[in-house]
Amino acid sequence: MFQAVLLTCIKRLSGERTASGIFHMLTGKRSSQTMQDVKGYRLEPFFGIYKSLSRKRFDETLQRLTQSGHINISDEGFPLLTLSGEDKEKQLRKSWIHFSGLKNHQLVMTFEKRLFLLIQTFTNMKASHRNFIPIVDEPIIQNWVRGIYKTYQKNAEGFIDSIYEEMKSLLNELPPEDAHIFVHRLTGSGIIGLTMEQLAKEAGETKEDAYLRTQHVLHFLFTNAKREPKTYAALAVCAAGLDSSGMITDSAKRTFRYIEQGLSLKEVMEKRRLKESTIQDHIVEAALVLPHFSTEPFLTEAEKRVIIQKAEVLNTQRLKHIKESLQGKYSYFQIRLALAQYQHDKKEGMTHG
Amino acid sequence: MDNQRLVQQLYQTFGYEHFRQGQQEIIEDVLAGRDVLGVLPTGTGKSICYQLPAKILPGLTIVVSPLISLMVDQVKQLKASGYKAVAALNSFMDRKDRTRIMENIASYDLIYVSPEMLQNEWVTHYLSNLAVDLFVVDEAHCISQWGHEFRTDYLKLHEVIRELGNPVVLALSATATPEVQEDIVGKLKCETMVRHIHPMDKQNISLAVEHFASPEQKVDRMINLLKKNQAPTMIYFSSRQWAERVSNELQHALEQRVAFYHGGMEQTDRMLVQQQFMNDQLDIICCTSAFGMGVDKKNIRFVLHFHIPSQLESFIQEIGRAGRDGEPCVSLVLYSPKDHYLPQMLIQSELPDQDQFLSVLSGLERYRKTGKSLPEDPEVLDLFELSESQWNFIQYQLDQMDVLKGKQLIRSPLAEDVRGFLEKLLMERWTYKHHKLNEMIGWIHCNGCRRVALYEPFQKGVREPDVLCCDACGFKIDQVKFNETSIKRKRDSWEKRLADLFGKGETS
Ligand SMILES: [Zn+2]
């Protein structure tokens, strides 16, 4: 699976980009270069599908592809398919068709946690095992599942049966290898799921293959739940509320879409013919309400932490104080952004808690 | 609370029908308002000694616990068993989770706290406004210089106890020599502590040591042993690479289901492996000491040591994971001549050596001369290339000698008295650690009864074991025959697996 994805990426980049570009794209780095490449070379399905991919393993896999004669890497470091690589790519092309990375990769991450914990919880409750250790730690997800359980308590069995039936029928549409790996990842009543290492052994593949297979299935389930919520009503419950646009204004939404596509602030200004401050307002608005908004183009995680810590120490939301005590290192916009997301996280934690 | 009601409460809270050795006396003393030092062997349910009182007492119970992984595991297990009013506070948590706990702190019965969190004024201030009924020091040997896991942040606990309005103190340890016991009482400044010291010798374990010329021979020996015995088994390694490597070899050579576990794995994978083992989906686990803290699996029959730990205390704790159901179990140490290098390197990484130490002091002196304050801890570690425990040690000592106040150097660390004293301390610590390692190696080579030799530093004599004692007393490991797990490794179709997961039983 991993090789299939790499081969297609290499094919579409037709020797015009380095291997690093592919790595950044798979791990979902939102730089404007990466985003432009994603659009320009039709790599949308793959963006961000493997956030935890290790650079070492990535390089090793490319090396293996080179050794087996499927790719050549030019002196400048640009990979290109050989003839046998072209054949192989064609042959494997079908294996990744359900990925919808650019559109859904962050939503699928939440969908995965919800679905896995929900299955563990409902199947254990059904078997009257009240003592189980949740496989997902995050309080937000745990509270979500608790809420669903309360809602469906009267018909918990019916609900979990629907999940079962819906999953079974969707898995039937996929290659059996995908279905096999995916179900072995699940934890349910009396059965603990396998680690990626163990899944890889189970299938005689690499860890990366196992990971991508589970993700592939999740993308497929998620897309179907979204597209046909009536047919897959129970899965649609797990996907509910996971949209790339929540309760923000239409204007902010438009700005947000451009940012998501990797446009810079300036580019958005030009495209939308709006003032810089207005665009900044939109971005702050998005950070306030969208569950998966990434501030990264404007502010790294580390910078965000510094600002939030300072705000906590000073016990203030006053931008001027924070800015001064950080020696003016950050702009007002950056500080607003950090605080906005902090507030969002806090609010999420509270209302579900 | 009378005896019967206490047992009733135990049943309601944990589902146990009676107390295990030592628990009840400790709980009764705690509830009567007496400070207690409890030394109870691993696997006897130490934690019940405060989890039950926490439920009964009206105010808050605070548990100081040095290991974050252990803390997190315990909270998970308590919650899973229906004990909900419990939380953990540590510096690795998300700030927002921490804040949420602090804001709701009055709603908890029991809070686990890592010692460094109690150095945070915000936290202690918050806690001191609450009614704290019981203050528990878990792994209390960490407070002692002569304990095997000395932690400087434990030394300030007596101040915290005072700030919290002197609640009842319960200090607990599984491995404390008489010397360490004295130290615990002294450092906590609780002279009137009632002591409940229980013998540590494990009566249902047989002990053996075997010598090998190479690691490969050890692997062969384990394969040979485990081919004949099918039972839950733990194998301890002191390196991650070895745990993974041997796990792979065993997987190929044996029918049993084998996995490895170490601190370098992803959080989810660690949890899955741990739960698979608990759930009897795995037979053999190749692990480092990171495994097993919160694992309470009753039917472990073999604890093998592919590498030795650096002290007897750790060894005793690790073999304590075997046979918690009281049934016979076996410890086997596989030793080869160069095996003491690994623990020696470990000691090295824990304590700064002479040169390193001097360069740190000179570096600090530069900060004093320029009047700058020190950067945050992580940067200090980078700057002087120190491990966390090395820096903790230096920082604490400098603070005690009024060289360092917060982040500011107020006196020269190179002054003769300071330097001399620190060097002396460092030497003592080195000597101590090497002494501990030598004790461990000495035990490997001892000629007499292994049981007597193992527990000698901790107590007077040993009780009669329920099983054959040790290889010096006629125990032969090749005569052992465990046949507990029936292994059926067949490949299920995904349809079957899915149906099983959802409790659907038979399907077409
Ligand atoms: Zn003996």
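Every value quoted in this text rests on a predicted model; they were computed, and no experiment measured them.
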- Message: Hydrogens and angles aside, do A:Tyr330 and A:Glu303 bring a side-chain donor and acceptor to less than 3.5 Å of each other?
- Response: no
- Message: Does any backbone or side-chain atom of B:Gln281 lie under 4.5 Å from a heavy atom of chain A? Answer side chain, backbone, both or neither.
- Response: side chain
- Query: Relative to chain B, which segment of A:His184 carries a heavy atom at a distance below 4.5 Å: side chain, backbone, both, or neither?
  - Reply: both
- Query: Looking at A:Lys201, A:His129, A:Met196, which one has more heavy-atom pairs under 4.5 Å with chain B than the rest?
  - Reply: A:Lys201
- Message: For B:Trp242, does the six-membered ring have the charged nitrogen or CZ of B:Arg245 within the cation-pi criterion, i.e. under 6.0 angstrom from the centroid and within 45° of the normal?
- Response: yes
- So, the part of A:Asp137 with a heavy atom under 4.5 Å from chain B: the answer is side chain
- Side chain, backbone, both or neither: which part of A:Ala179 has a non-hydrogen atom closer than 4.5 Å to chain B? both
- Taking the six-membered ring for Trp, are A:His98 and A:His219 ring centroids under 6.0 Å apart? no
- Message: Please classify the contact of A:Glu202 with chain B as side chain, backbone, both or neither, using a heavy-atom distance under 4.5 Å.
- Response: both
- Message: For the backbone of A:Gly193 and the side chain of B:Gln276, can you confirm whether one donor and one acceptor N or O come within less than 3.5 Å of each other?
- Response: yes
- Query: If only atom types and distance count, is the side chain of B:Tyr83 paired as donor or acceptor with the main-chain N or O of B:Gln51 below 3.5 Å?
  - Reply: yes
- Query: Can you say whether A:Leu171 sits under 4.5 Å from chain B via the side chain, the backbone, both, or neither, judging by heavy atoms?
  - Reply: both
- Item | Side chain A:Gln198, main chain A:Thr195, donor-acceptor under 3.5 Å | yes
